Amino acid sequence: GTFPSHKNKRNIFYESLLERDIYLLLEFNDEVISYEEQPFKIYYQRAKSTYRYTPDVLVHYRPKLNKLPCVFEIKMSDEIKEKKVFFEEKFNQIEKYINVNDLEFKMITELDIDEVYLENAMFLYRFRELNSPNVTKTILEKIKLFSEISVIDFLERFSTNKFEQMEILPYIWQLIFLKRISVDMYNKITNKSFIKAL
């Protein structure tokens with residue numbers, strides 16, 4: 001399938017739901033500036049035959065961090081166990097390539113994912129494309145009046161009109177995605193979650 005990447009301003013192709021989930025988490029990683037799927041191909045010889053290997057993702061970090069780009073290999077943990085010898089051979093080829101090309105390498109499985117964080121990311125990502133500068137400006141101005149406040153209490157302070165509350169709620173979620181408002185991503189986000197301005 002394809003994943004609509006906010007950071008890359010294009011659709012990113014994925015070959016598994018785990019890859020899609022990792023792309024989503026990369027969107028929420030402040031250190032990551034961009035990433036690209038199946039970035040290059042490596043050809044290697046074995047038993048007089050030529051084989052091709054294509055890594056899953058190449059991640060680029062913000063320049064000020066001075067971090068090398070990193071090749072992410074995304075696999076289910078059971079698959080790695082079942083095909084241990086097969087993957088060891090491929091990873092040896094990656095190691096040679098990254099050493100020559102100043103890259104890092106990271107293996108990622110479903111065990112590296114916090115399920116609550118992922119669920120929250122999926123929820124917030126739906127609101128990324130909202131566009132009403134006046135609404136977001138007003139929300140940010142009002143939320144700065146509180147050191148911390150629950151979403152439901154903020155809505156009540158914002159307006160006693162339930163329809164107005166329903167109109168601004170999606171923009172609160174968008175501002176959390178845009179890192180203008182903070183929330184605890186490791187607890188399920190609800191209207192009772194506490195938020196504050198950044």
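What you see is a predicted model; the values in this text were computed from it and never measured. Residue indices begin at 1 and follow the sequence shown.
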Open item on the list: Donor-acceptor pair, distance only, cut-off 3.5 Å: does the side chain of K179 make one with the backbone of I176?
Closed with: no
Open item on the list: I want to check something: taking the side chain as every heavy atom from C-beta on, are I22 and I108 in contact at a cut-off of under 4.5 Å?
Closed with: yes
- [ ] Check for a donor-acceptor pair, side chain of N8 on one end and backbone N or O of R10 on the other, with a separation under 3.5 Å.
- [x] no
Task: Mutual orientation of the aromatic rings belonging to F158 and F154 [parallel < 30°, tilted 30-60°, perpendicular > 60°] - done: tilted
Open item on the list: According to a hydrophobic-cluster definition based on side-chain heavy atoms being under 4.5 Å apart (Ile, Leu, Val, Met, Phe, Trp, Tyr only), do V135 and W173 belong together?
Closed with: yes
Open item on the list: Is it the case that atom CZ in F13 sees more than 12 heavy atoms from other parts of the structure closer than 6.0 Å?
Closed with: no
Task: Same cluster (ILVMFWY, side-chain, under 4.5 Å), I33 and L25 - done: no
- [ ] Say whether, by atom type as modelled, one donor and one acceptor occur between the side chain of K7 and the main chain of V32 under 3.5 angstrom.
- [x] yes
Task: Heavy-atom pair of closest approach, residues S77 and T109 - done: N-CB, 4.0 Å
Open item on the list: Please report the interatomic distance CG(L130) to OG1(T136), rounded to the nearest 0.5 Å.
Closed with: 9.5 Å
Open item on the list: Run the side-chain contact (heavy atoms from CB on, under 4.5 Å) test on E19 and F3 for me, step by step, so that the C-alpha distance in whole Å, both residues' side-chain angles and the decisive distance to 0.1 Å come before the verdict.
Closed with: CA-CA 10 Å; E19 285 187 9; F3 173 79; over 6 Å; no
Task: Closest heavy-atom pair and its distance - D102, L68 - done: O-CD2, 3.5 Å
Task: Intermediate values then yes/no, side-chain contact (heavy atoms from CB on, under 4.5 Å), V116 and Y186 - done: CA-CA 6 Å; V116 175; Y186 293 95; 5.6 Å; no
Task: Spacing of CZ belonging to R62 relative to CG belonging to N29, to within rounding of 0.5 Å - done: 9.0 Å
Open item on the list: Are I12 and L17 linked, directly or through intermediate hydrophobic residues, by side-chain heavy-atom contacts shorter than 4.5 Å (ILVMFWY only)?
Closed with: yes
Open item on the list: Applying ring pair (Phe, Tyr, Trp, His ring centres under 6.0 Å) to F28 and F177, what does each step give before you reach the verdict?
Closed with: CA-CA 8 Å; F28 281 78; F177 166 70; 5.3 Å; yes
TODO: For residues E141 and L145, determine if any side-chain heavy atom of one lies less than 4.5 Å from a side-chain heavy atom of the other.
DONE: no
TODO: Side-chain contact test, heavy atoms from C-beta onward, threshold under 4.5 Å: evaluate it for D21 versus I74 and give yes or no.
DONE: no
- [ ] Decide yes or no for P4 and R128: does some side-chain heavy atom of the first lie under 4.5 Å from some side-chain heavy atom of the second?
- [x] yes
TODO: Specify the closest pair of heavy atoms between A197 and I143, including all atoms of both residues, with the distance to one decimal.
DONE: CB-CG2, 3.6 Å
Open item on the list: Around atom CZ of R157, are there more than 12 heavy atoms from other residues, nucleotides or ligands closer than 6.0 Å?
Closed with: no
TODO: Look up atom CD in E104 and atom CG in N99, then write down how far apart they are to the nearest 0.5 Å.
DONE: 9.5 Å
TODO: Provide the closest heavy-atom pair for P55 versus P39 in the form atom of the first, atom of the second, distance.
DONE: O-CD, 3.5 Å
- [ ] Assign the ring pair Y14 / Y23 to parallel, tilted or perpendicular, where the plane angle (0 to 90°) is split at 30° and 60°.
- [x] perpendicular
Open item on the list: I'd like to know if the side chain of Y97 reaches the main chain of L103, judged simply by a donor and an acceptor atom lying under 3.5 Å from each other, with no hydrogens or angles considered.
Closed with: no
- [ ] Mark yes when over 12 heavy atoms from residues, nucleotides or ligands other than R20 sit less than 6.0 Å from its CZ; otherwise mark no.
- [x] yes
Task: Rounded distance [0.5 Å steps], CG in L124 versus CD in E119 - done: 10.5 Å
Open item on the list: Minimum heavy-atom separation for K196 and S147, please, with both atom names.
Closed with: CB-O, 3.2 Å
Open item on the list: Minimum heavy-atom separation for Y61 and L65, please, with both atom names.
Closed with: CB-CD1, 4.4 Å
Task: Gap between atom OG of S182 and atom CD of E148 - 0.5 Å precision - done: 7.5 Å
Open item on the list: If the threshold is 4.0 Å, N to carboxylate O, is there a salt bridge linking K75 and E110?
Closed with: no
Open item on the list: Has N120 got a side-chain atom pairing as donor or acceptor with N187's backbone, closer than 3.5 angstrom?
Closed with: yes
Task: More than 12 heavy atoms of other groups within 6.0 Å of M166 CE - done: no
Task: Greater than 12 external heavy atoms within 6.0 Å of K137's NZ - done: no
TODO: Starting from the C-alpha separation in whole Å, work towards a yes-or-no answer on side-chain contact (heavy atoms from CB on, under 4.5 Å) for L140 and I181.
DONE: CA-CA 8 Å; L140 289 171; I181 293 175; 4.1 Å; yes
Task: Note, Y35 side chain near S5 side chain (heavy atom, < 4.5 Å) - done: yes
- [ ] Check for a donor-acceptor pair, side chain of N11 on one end and backbone N or O of T2 on the other, with a separation under 3.5 Å.
- [x] no
TODO: Identify whether L175 and V183 are in the same connected component of the hydrophobic contact network (ILVMFWY, side-chain heavy atoms under 4.5 Å).
DONE: yes
TODO: State, with a plain yes or no, whether a side-chain heavy atom of I172 is found less than 4.5 Å away from one of L155.
DONE: yes
Task: Intermediate values then yes/no, side-chain contact (heavy atoms from CB on, under 4.5 Å), L26 and F72 - done: CA-CA 11 Å; L26 291 174; F72 280 25; 3.9 Å; yes
- [ ] Could you tell me whether a side-chain N or O of E73 sits under 3.5 Å from a main-chain N or O of F105, the two making a donor and an acceptor?
- [x] no
Open item on the list: Is there a path of hydrophobic side-chain contacts, each under 4.5 Å between heavy atoms, that joins V57 and Y53?
Closed with: no
TODO: Would you indicate whether K81, at its atom NZ, is surrounded by more than 12 heavy atoms from other residues, nucleotides or ligands within a distance under 6.0 Å?
DONE: no
Open item on the list: With rounding to the nearest 0.5 angstrom, report the CZ to CG distance, F146 to D153.
Closed with: 9.0 Å
- [ ] State, with a plain yes or no, whether a side-chain heavy atom of H6 is found less than 4.5 Å away from one of L178.
- [x] yes
TODO: Answer yes or no: is there a side-chain heavy-atom contact under 4.5 Å between R180 and Q174?
DONE: no
